[in-house]
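Worksheet: one structure, shown below.
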Amino acid sequence: MKSTGVVRKVDELGRIVVPMELRRTLGIKEKDPIEIFSDGDKIVLKKYEARNTCVITGEVSDDNFVIGNGKVTLSKEGAELLLEDINRKLLNV
């Protein structure tokens, strides 16, 4: 785990502010859902992403498939769009 050097206080309602620089770096936007985990004496925050969510279309389905050593989830439509983009880039169209 990497320290950011940022310290925040918990307010009276139990809230903390995640610094803007960190939100930008991690791609967290206003109203994005965040998962909260505990690991021993640590609290871990993670941007929530529904399982089986296509990275291209955002479609959530049990029919979506995973490629790239488990790093990319695609729907059929998302895979087709991605293939079109890849072919365009490779052929410089």
Side-chain angles (χ1 to χ4, degrees):
M1 205 173 315
K2 184 173 155 183
S3 175
T4 62
V6 176
V7 176
R8 295 284 194 238
K9 291 186 180 189
V10 177
D11 73 8
E12 61 277 355
L13 296 176
R15 299 175 296 197
I16 59 167
V17 174
V18 178
M20 185 181 303
E21 308 80 42
L22 195 52
R23 293 192 315 260
R24 276 191 199 132
T25 301
L26 298 174
I28 298 171
K29 297 184 260 350
E30 187 176 317
K31 303 204 181 194
D32 277 351
I34 303 293
E35 283 187 276
I36 303 169
F37 303 92
S38 64
D39 181 13
D41 64 344
K42 297 175 183 71
I43 298 171
V44 180
L45 304 175
K46 180 178 183 269
K47 183 176 176 179
Y48 175 75
E49 294 183 19
R51 300 193 196 293
N52 295 328
T53 302
C54 176
V55 296
I56 305 297
T57 64
E59 177 186 342
V60 179
S61 171
D62 288 336
D63 294 332
N64 291 351
F65 53 95
V66 179
I67 60 172
N69 293 324
K71 296 180 181 174
V72 179
T73 301
L74 293 170
S75 64
K76 184 175 188 275
E77 179 186 359
E80 290 168 352
L81 291 169
L82 183 60
L83 268 174
E84 287 174 16
D85 280 353
I86 290 170
N87 284 328
R88 241 189 320 270
K89 296 287 184 196
L90 290 175
L91 299 174
N92 292 321
V93 176

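Since we're looking at a predicted model, the values are computed, not measured.
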For C54 against S75, the heavy-atom pair lying closest together: SG-N, 3.3 Å

Spatial distance of atom CD (E84) from atom CD1 (I86) [nearest 0.5 Å]: 11.0 Å

Note: D63-K76 ion pair, threshold 4.0 Å (strictly below): no

Inter-residue atom distance L82.CG - I56.CD1, 0.5 Å rounding: 5.0 Å

Same cluster (ILVMFWY, side-chain, under 4.5 Å), V55 and I67: yes

Non-hydrogen atoms of K47 and G27 that approach each other most closely: NZ-O, 2.6 Å

Derivation and outcome, side chain to side chain contact (heavy atoms under 4.5 Å, CB included), residues F65 and L74: CA-CA 5 Å; F65 53 95; L74 293 170; 4.1 Å; yes

Nearest heavy-atom neighbours spanning I16 and K9: CG2-O, 4.0 Å

Closest non-hydrogen atom pair between K71 and V66, with its separation: N-CG1, 4.4 Å

Under 3.5 Å donor-acceptor, N64 side chain and N52 backbone: yes

Verify same cluster id: I34, I43 (apolar side-chain graph, 4.5 Å): yes

Within 6.0 angstrom of R51 CZ, more than 12 heavy atoms from elsewhere: no

Side-chain heavy atoms of L45 within contact of V18, under 4.5 Å: yes

CD1 (I36) with more than 12 external heavy atoms under 6.0 Å: no

Heavy-atom closest contact (P19 atom, V6 atom, distance): CG-CG1, 3.5 Å

Single-linkage hydrophobic cluster, 4.5 Å side-chain cutoff, L81 and L83 together: no

